[in-house]
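Down below is the structure, laid out as structure tokens.
Bear in mind the structure is a predicted one, so any value in this text is a computation, not a measurement.
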Protein chains: 2
Amino acid sequence: MNPPRAQARKPETRIQKRNHEAILEAALDVFSARGFRGATVDQIAQAAGLSKPNLLYYFPTKEAMHSALLTGLLDTWLAPLRKLDAKGEPITEILDYVRRKLEMSRQMPRESRLFANEILQGGPRLDGVLEQELKPLVDEKTKVIRDWVDAGRIAQVHPYHLIFSIWSLTQHYADFDVQVRTLLPKGETDPFPEAERYLVTLFTRMLTPTEA
Amino acid sequence: MNPPRAQARKPETRIQKRNHEAILEAALDVFSARGFRGATVDQIAQAAGLSKPNLLYYFPTKEAMHSALLTGLLDTWLAPLRKLDAKGEPITEILDYVRRKLEMSRQMPRESRLFANEILQGGPRLDGVLEQELKPLVDEKTKVIRDWVDAGRIAQVHPYHLIFSIWSLTQHYADFDVQVRTLLPKGETDPFPEAERYLVTLFTRMLTPTEA
DNA sequence: AATATGTTTGACCAAATGGTCAGGATCACG
DNA sequence: CGTGATCCTGACCATTTGGTCAAACATATT
């Protein structure tokens with residue numbers, strides 16, 4: 001009778017699971033393409049193949065869909081950084097991180113745009129997430145990088161800006177996809193192989209310690 | 001009697017000029033912060049200190065304000081790239097371009113976000129601009145870079161991806177400002193000085209030809 | 001089969017929003 | 001100072017949109 005809320009943790013029925021997923025999938029499509037305010041519940045409903053009231057049976061509000069997406073995807077989104085291993089070989093670790101992040105831009109451009117849309121507008125619906133989820137992780141990993149620098153295993157770099165640069169360069173290929181594809185010469189239909197080569201070169205040159 | 005359209009090119013009165021400017025200024029504020037769909041004419045009116053009908057006296061539609069902004073700002077936005085001089089010293093030229101672009105992110109974050117918002121959503125309101133304005137300029141400048149590479153004056157790099165990387169890295173500090181400021185340690189209130197140092201290092205290492 | 005529980009929807013509502021309009025206020029200028 | 005052009009606004013309108021609800025429909029359980 002009552003909409004299935006996330007509190008009582010009743011075992012989900014098959015229908016619930018199916019529709020829940022269909023809605024989030026559709027919502028990701030629409031939100032990432034038009035932003036929160038630009039998306040309408042009707043559009044999401046149509047994309048999900050359900051009626052509008054039916055969506056609001058599963059999610060109390062449009063906000064709830066958006067927020068379910070954001071929090072649900074955050075872990076996936078941060079997984080590559082989590083894998084950065086203090087015990088690994090520094091340059092390999094960082095290059096692997098770059099590759100994984102670029103791969104995410106290729107495979108999950110909608111997720112990238114969802115976050116981009118949100119942060120662009122000051123992250124009103126992200127609020128605590130940055131402080132509470134992202135910052136601790138970044139603080140931890142910048143420390144790892146700082147140690148590598150101090151040990152002379154990679155060149156002198158500002159750890160935070162290194163991470164920003166990895167994010168910016170990799171996500172660019174998802175977020176600004178239209179622009180990239182418009183500007184690239186006709187022949188190159190898929191920007192990613194070349195992008196990977198470029199970024200690997202860039203970070204190799206940036207991080208390899210100079211003789212002296 | 002009739003709203004001042006951009007056709008007859010009548011000499012603008014003082015009032016027209018003042019209000020036109022106030023509206024565009026307000027519109028930039030609101031559009032850049034909330035996106036096209038997220039902005040309301042009322043918000044812009046309030047920000048401009050004018051009444052809603054009065055805005056629509058100067059601009060026929062909300063779209064018209066947005067499009068006036070986009071086309072009006074495009075030249076400013078591309079100016080730094082235009083200045084890239086084929087006759088200059090390659091690395092200096094490129095580093096100067098990076099600095100100018102970063103400076104624009106610092107001084108004109110709203111403009112950066114306006115374009116970002118637009119391109120993120122596939123640039124529905126940008127349409128021909130990318131093809132007709134941006135592409136020719138980029139094609140021209142990538143040619144310059146390619147010549148530098150061929151002459152061995154800078155290291156081997158993919159010219160288009162070099163430009164993408166400059167855009168992405170510099171605009172990141174405007175577009176993702178909230179994130180950058182949230183993550184940076186408390187002490188560093190202004191990310192830009194450190195960002196400049198980081199980017200200059202990065203592109204120096206990236207572009208300096210290797211001995212051999 | 002009866003009943004309870006879960007799912008779906010057409011019809012509807014209130015608020016927000018882009019835009020209009022008739023008329024009033026103000027300004028430029030002869 | 002009078003008159004036509006420009007500028008401005010309150011009131012209004014049509015549409016869109018997030019959300020509600022009662023009732024119908026489906027499914028599981030006994």
- Message: Classify A:R18 by what it touches in the nucleic acid, base, sugar-phosphate, or nothing, heavy-atom distance under 4.0 Å.
- Response: nothing
- OP1 or OP2 of D:dT6 less than 4.0 angstrom from a side-chain nitrogen or oxygen of B:Q16, does that happen here? no
- Item | For atom CD1 of A:I44 and atom C1' of D:dG18, their distance in whole Å | 11 Å
- Message: Taking B:E103 first and then B:R100, would you say they form a salt bridge - that is, a charged N and a carboxylate O separated by under 4.0 Å?
- Response: no
- Task: Can you tell me the distance, in whole Å, between the NZ atom of A:K62 and the P atom of D:dT20?
- Result: 14 Å
- Query: B:L50 CG to C:dG19 P: how many Å, rounded?
  - Reply: 17 Å
- Specify the residue among A:K52 and B:F36 whose closest nucleotide of DNA chain C lies further upstream toward the 5′ end. A:K52
- Please state whether the rings of B:F59 and B:H20 are parallel, tilted or perpendicular, taking 30° and 60° as the class boundaries. tilted
- Message: Between P on D:dT6 and NE2 on B:H20, what's the gap in Å once rounded to a whole number?
- Response: 16 Å
- Sugar-phosphate only, base, or nothing, as touched by B:A39 at under 4.0 Å among non-hydrogen atoms: sugar-phosphate
- Taking the side chain of A:R14 as heavy atoms from C-beta outward, which of D:dT20, D:dA28, C:dG18 is closest to it? D:dA28
- Nearest of D:dT20, C:dA16, C:dG18 to any side-chain atom of A:R37? C:dA16
- Centres of the A:Y173 and B:H161 rings: under 6.0 Å? yes
- Message: Heavy-atom nearest nucleotide on DNA chain D for B:S51 versus A:Q43: which residue maps closer to 5'?
- Response: B:S51
- Query: Once you round it to whole Å, what is the distance between P of C:dT7 and CG of A:L56?
  - Reply: 15 Å
- Message: Taking only side-chain N and O atoms of A:N54, does any of them lie within less than 4.0 angstrom of OP1 or OP2 on C:dT9?
- Response: yes
- Message: Whole angstroms only, please: what is the OH-P distance between A:Y57 and D:dA22?
- Response: 16 Å
- Once you round it to whole Å, what is the distance between P of C:dT17 and CD of B:E63? 17 Å
- Item | Distance in angstrom units between B:I15 CD1 and C:dA28 C1', rounded | 10 Å
- Query: Are any of A:N19's side-chain N or O atoms less than 4.0 Å away from OP1 or OP2 of C:dG6?
  - Reply: no
- Nucleotide nearest B:T40 when distance is taken to its side chain, options C:dG18, C:dT8, D:dT6: C:dG18
- Message: Tell me if the aromatic rings of A:F36 and A:H66 count as close, with their centers under 6.0 Å from one another.
- Response: yes
- Query: Are the side chain of B:S32 and the backbone N or O of B:R113 linked by a donor-acceptor pair below 3.5 Å?
  - Reply: no
